[in-house]
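Remarks on the structure that follows.
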Amino acid sequence: MAEINAQELKQKHCVPCEGGVPKVDRPAAERLLKELPGWELASDGNLIRRKWTVKNFVAGMNFLSKVADVAEAEQHHPDIHLTGYRNVSVELMTHAIGGLSENDFILAAKINDLPVETKK
Ligand SMILES: C[C@H](O)[C@H](O)[C@H]1CNC2=NC(N)=NC(=O)C2=N1
């Protein structure tokens, strides 16, 4: 996975994971995040997160609905938040391993391709 770029990540599909794969370590995660504008690594290195300030509540709900569709299609599911009426955040972690797998970066790349109405 060392040299994969955003375009390649976007075209891949999540692999069902019930454990048994090594976590993506911090150096690998940091390198992959260079391909994924807006995403940051949590301080414990076990999840990635992106935040958006969207136009309004409905824009947030519409965006999260699209995120849910992608997640369901990929069978890999983020934590999603919509707070303060237009602050959206999405957190990705592979629960089966308590940390990051390639699935998280694949889903992040696909989420970065979704339309979102941000605050003007
Ligand atoms: C077999 C199937 O891939 C698993 O049940 C999936 C479902 N969605 C999941 N989503 C996330 N984020 N982590 C998981 O470990 C996970 N497990």
Side-chain angles (χ1 to χ4, degrees):
M1 190 169 42
E3 298 305 326
I4 197 164
N5 65 33
Q7 192 61 30
E8 291 164 335
L9 276 172
K10 204 171 75 186
Q11 282 165 7
K12 292 188 87 165
H13 292 287
C14 295
V15 175
C17 175
E18 290 179 351
V21 293
K23 291 183 189 181
V24 173
D25 65 15
R26 184 179 289 274
E30 284 172 351
R31 205 207 60 76
L32 284 165
L33 287 185
K34 292 200 173 82
E35 297 292 324
L36 296 169
W39 291 84
E40 60 183 12
L41 188 62
S43 54
D44 67 3
N46 283 325
L47 67 81
I48 55 174
R49 176 188 302 116
R50 185 169 176 185
K51 299 175 180 175
W52 296 259
T53 303
V54 295
K55 189 177 168 197
N56 53 36
F57 183 75
V58 170
M61 289 302 294
N62 287 342
F63 174 62
L64 288 178
S65 171
K66 293 191 186 85
V67 170
D69 289 344
V70 175
E72 195 53 18
E74 292 296 327
Q75 282 298 296
H76 192 65
H77 302 98
D79 288 3
I80 58 179
H81 309 264
L82 174 48
T83 56
Y85 81 90
R86 64 177 187 187
N87 303 305
V88 171
S89 71
V90 174
E91 292 175 339
L92 285 164
M93 162 199 259
T94 301
H95 295 281
I97 60 171
L100 291 164
S101 72
E102 190 183 26
N103 286 351
D104 299 299
F105 298 90
I106 292 170
L107 203 59
K110 290 178 188 289
I111 290 171
N112 270 8
D113 229 27
L114 296 174
V116 56
E117 283 186 281
T118 49
K119 187 181 152 190
K120 294 265 163 14

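Keep in mind the model is a prediction, meaning the values are calculated, not measured. As the structure lists them, so they are numbered: ligands from 1, and atoms in each ligand from 1.
Annotation: Pro78 places no N or O atom under 3.5 Å from an N or O atom of ligand 1; distance criterion only. The N/O atoms of His77, backbone and side chain alike, include one that comes under 3.5 Å of an N/O atom in ligand 1. For Thr94, no nitrogen or oxygen atom sits less than 3.5 Å from a nitrogen or oxygen atom of ligand 1, counting backbone and side chain alike. At a 3.5 angstrom cut-off on N or O pairs, Met93 counts as close to ligand 1.
Of all protein heavy atoms, the one lying nearest to atom 1 (C) of ligand 1 is Glu18 OE2, 3.4 Å. Considering only non-hydrogen protein atoms, atom 16 (C) of ligand 1 sits nearest to His76 ND1, 4.3 Å. Closest to atom 6 (C) of ligand 1, if we only count protein heavy atoms, is Gln75 O, 3.9 Å. From the protein, the heavy atom lying nearest to atom 13 (N) of ligand 1 is His95 N, 3.1 Å. In terms of protein heavy-atom proximity, atom 15 (O) of ligand 1 is closest to Ala96 N, 2.9 Å.
In this structure, Lys12 and Ile4 have side chains that are in contact, with non-hydrogen atoms separated by less than 4.5 Å. Considering only heavy atoms from C-beta on, Lys110 comes within 4.5 Å of His13 through its side chain. Residues Asp113 and Lys10 meet the side-chain proximity criterion, which asks for heavy atoms closer than 4.5 Å. Side-chain contact between Glu8 and Glu35 is absent, with no heavy-atom pair separated by less than 4.5 Å.
Side-chain polar atoms of Asp104 and His76 form a donor-acceptor pair below 3.5 angstrom.
The neighbour count for Lys55 NZ, taken as heavy atoms of other residues, nucleotides or ligands under 6.0 Å away, does not exceed 12.
Each of the following atoms of ligand 1 lies closer than 4.0 Å to a heavy atom of Pro16: 3 (O). Within the listing of ligand 1, atoms 3 (O), 4 (C), 17 (N) sit less than 4.0 angstrom from a heavy atom of Cys17.
Of all non-hydrogen atoms in Pro22 and Ile97, the two that sit nearest each other are O-CD1, 4.2 Å. Closest heavy-atom contact between Leu82 and Met61: CD2-SD, 3.6 Å.
Within a 4.0 Å radius of atom 8 (N) of ligand 1, the protein has at least one heavy atom.
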